[in-house]
K.L.:
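One structure, pasted below without further comment.
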Amino acid sequence: CALPILSLYILLCSIWGTTWIILKMSLNEGTPPFFGVAIRFVFASIILWGLLFYRKEKLPMSKEAWALYLQFALLNFVMSYSLTYWATQFVYSSVSAIIWAGFPLVITFISHFMLINEKLTWSKLGTILFGTAGVLLMLSQGKELGGNNVVLGVSALGIAVLVAAWPNVYLKKHHHLLSTVQLNVVSQSIAAILLMSISMIFESDRIMVWSSFNIFAIVYLTIFGTVITWLIYVWLFSHLSMPQISYVAFFSASDCNCSGMDLLGRSPNIHSHCRRGYGHCGCRVYSLACSFKTWRINHKCYTYLKWILP
């Protein structure tokens, strides 16, 4: 089981690291934020329904299953994604990704109360705080975070992180109830309907710019940034611990912060290199702590996974 988990983990981090940049560029190109996320889930849900029928899976309709469907649809996909899209208009893509790097910290606190095998320890708390401190260091450079309404954008992103944490921990507790296709197809379909309705209400005066880049962005964010990544992400809940899964946010933020400087025309300086280095240092410390405390997979699998922790 080691190699498939490792390969998919790397693929997930790599794809999500690029989606932040594509998202920001599409917004700059004239994509209305709510419509952008809505159309992404519309096409993704169509693909997922085709996959569900191909696999001949039946959808569970129990109360517990619907609790998962609705929590992921409303909290993760509708609220968190719409807040992230809207907020990214006002800040750099790397800032959006970096704020999401606080996701593991929120996940750790919630997991302590909900998951028996995910109790918070001083070493776990200390190492996560060390890595998250890199986020605070970056946010301290307020003039470098974006254009106007930076505070508003950062606040909305913070709320998005908090909102998304709960359904993730709840899924970890009940991941045996649904397959990755079942959860994604229902949740993303509900999200597509609600988000398109929100767009029609609040963005009726905005026109989508169907440029070649925006078409590419929709295709990329749908197939790679939504269908492939979310199928992998939910699948990992059956194979990794909650801290491991949430730590994808740290690596994605690092990838985005690195590549975004080139694609969006921002020149790196000594401060940005220091902040990135500090964040990477936090990742290393946390990964070493995980080897003793929080990694619940077999030793061989951990040996492989350890190679990708910077």
Side-chain angles (χ1 to χ4, degrees), residues 7-8 10-51 76-78 80-100 146-147 153 157 160 184-185 187-189 191-196 198-200 202-234 248-249 251-268:
S7 301
L8 292 175
I10 295 174
L11 179 62
L12 179 62
C13 295
S14 300
I15 294 177
W16 265 343
T18 61
T19 56
W20 293 105
I21 305 162
I22 302 298
L23 188 161
K24 178 63 175 181
M25 294 176 70
S26 69
L27 292 173
N28 290 344
E29 191 78 9
T31 299
F34 297 136
F35 179 81
V37 67
I39 199 68
R40 177 174 173 177
F41 283 119
V42 167
F43 290 134
S45 59
I46 293 173
I47 296 173
L48 289 168
W49 277 110
L51 181 60
N76 213 319
F77 293 143
V78 175
S80 185
Y81 262 78
S82 59
L83 282 170
T84 299
Y85 261 71
W86 181 81
T88 305
Q89 297 176 103
F90 309 120
V91 297
Y92 293 140
S93 60
S94 57
V95 174
S96 299
I98 288 294
I99 292 177
W100 267 95
L157 286 166
N184 276 296
V185 70
S187 298
Q188 293 191 29
S189 297
I193 295 172
L194 294 177
L195 286 167
M196 191 59 73
I198 293 173
S199 176
M200 293 173 65
F202 294 101
E203 295 176 332
S204 58
D205 59 335
R206 299 192 60 174
I207 299 176
M208 173 67 183
V209 178
W210 293 102
S211 65
S212 57
F213 178 81
N214 277 342
I215 293 174
F216 159 76
I218 290 174
V219 173
Y220 183 85
L221 293 174
T222 296
I223 296 176
F224 294 95
T226 306
V227 175
I228 294 176
T229 50
W230 276 102
L231 287 175
I232 295 173
Y233 184 75
V234 175
V248 170
F251 300 121
S252 299
S254 177
D255 292 340
C256 176
N257 195 35
C258 179
S259 55
M261 289 181 176
D262 297 326
L263 291 177
L264 295 175
R266 301 195 306 276
S267 300

K.L.:
Tell me, please, which residues at least two apart from F202 pass ring pair (Phe, Tyr, Trp, His ring centres under 6.0 Å).
P.N.:
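Ring pair (Phe, Tyr, Trp, His ring centres under 6.0 Å) list for F202, sorted by chain: empty.
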
K.L.:
With respect to W16, which candidate in F224, Y220, W230 satisfies the ring-ring contact (aromatic ring centres under 6.0 Å, His included) definition?
P.N.:
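The ring-ring contact (aromatic ring centres under 6.0 Å, His included) with W16 is passed solely by W230 among F224, Y220, W230.
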
K.L.:
If you define the side chain from C-beta out and look only at heavy atoms, does anything of W210 sit under 4.5 Å from I218?
P.N.:
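The answer is yes, as the side chains (C-beta and beyond) meet within the 4.5 Å cut-off.
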
K.L.:
Taking atom OG of S80 and atom CG of L157, what is their separation to the nearest 0.5 Å?
P.N.:
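Answer rounded to 0.5 Å: 9.0 Å.
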
K.L.:
Does the side chain of I198 reach to within under 4.5 Å of the side chain of E203, using non-hydrogen atoms?
P.N.:
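The answer is no, as the side chains (C-beta and beyond) never meet within the 4.5 Å cut-off.
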
K.L.:
Of all the heavy-atom pairs spanning Q89 and R206, show the shortest one and how long it is.
P.N.:
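Heavy atoms of Q89 and R206 come nearest at OE1-NH1, 3.6 Å.
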
K.L.:
Does a side-chain heavy-atom distance below 4.5 Å link I232 with I228?
P.N.:
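Side chain of I232 against side chain of I228, heavy atoms only: contact under 4.5 Å found.
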
K.L.:
Between F43 and L221, is a side-chain contact (heavy atoms from CB on, under 4.5 Å) present by the stated rule, with each step listed?
P.N.:
CA-CA 10 Å; F43 290 134; L221 293 174; over 6 Å; no

K.L.:
Do the rings of F216 and F213 sit parallel, tilted or perpendicular, given the 30° and 60° boundaries?
P.N.:
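Ring orientation, 0 to 90° scale: tilted.
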
K.L.:
Output the distance between atom CE (M208) and atom CD1 (I215), rounded to the nearest 0.5 Å.
P.N.:
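Interatomic distance, M208 CE to I215 CD1, rounded to 0.5 Å: 8.0 Å.
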
K.L.:
For I22 versus A217, what's the shortest heavy-atom pair and its separation?
P.N.:
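Minimum heavy-atom separation between I22 and A217: CG2-CB, 3.6 Å.
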
K.L.:
Could you give the distance from OG (S199) to CG (L194), rounded to the nearest 0.5 Å?
P.N.:
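The distance works out to 12.5 Å.
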
K.L.:
Quick check against the 3.5 Å criterion: does S45 have a side-chain atom that pairs as donor or acceptor with the backbone of V42?
P.N.:
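Looks like yes, one N/O pair under 3.5 Å.
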
K.L.:
Assess the residue pair I47 and L51 against the criterion (side-chain contact (heavy atoms from CB on, under 4.5 Å)); give the C-alpha distance rounded to whole Å, side-chain angles, the decisive distance to 0.1 Å, and a yes or no.
P.N.:
CA-CA 6 Å; I47 296 173; L51 181 60; 5.6 Å; no

K.L.:
side-chain contact (heavy atoms from CB on, under 4.5 Å), that's the test. Do L48 and F41 meet it? Break it down for me.
P.N.:
CA-CA 10 Å; L48 289 168; F41 283 119; over 6 Å; no

K.L.:
Ring pair (Phe, Tyr, Trp, His ring centres under 6.0 Å) with Y85: which residues, sequence neighbours excluded?
P.N.:
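None.
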
K.L.:
Mind listing the side-chain donor-acceptor pairs of residues 30-38 below 3.5 Å, one per line with the distance, residues two or more places apart or on another chain?
P.N.:
from: T31; atom 1: OG1; to: S26; atom 2: O; distance (Å): 3.1
from: T31; atom 1: OG1; to: N214; atom 2: OD1; distance (Å): 3.1
from: T31; atom 1: OG1; to: N214; atom 2: ND2; distance (Å): 3.3

K.L.:
Can you see which heavy atom on L23 is nearest to which on R40, and at what distance?
P.N.:
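Smallest heavy-atom distance, with atoms named: CD1-NH1, 4.4 Å.
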
K.L.:
Would the distance check show the side chain of T18 and the main-chain N or O of I15 forming a donor-acceptor pair, the cut-off being under 3.5 Å?
P.N.:
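Present.
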
K.L.:
Tell me the closest heavy-atom pair linking T19 and G225, and the distance in Å.
P.N.:
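Here T19 and G225 meet closest at CG2-CA, 3.7 Å.
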
K.L.:
Taking S82 for the side chain and V78 for the main chain, is one N or O donor matched with an acceptor at less than 3.5 Å?
P.N.:
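Yes, the answer is positive, given that a donor and an acceptor are paired below the 3.5 Å cut-off.
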
K.L.:
Determine the minimum heavy-atom distance between F77 and S187, stating which atoms define it.
P.N.:
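For F77 and S187, the tightest heavy-atom pair comes out as CE1-CB, 3.6 Å.
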
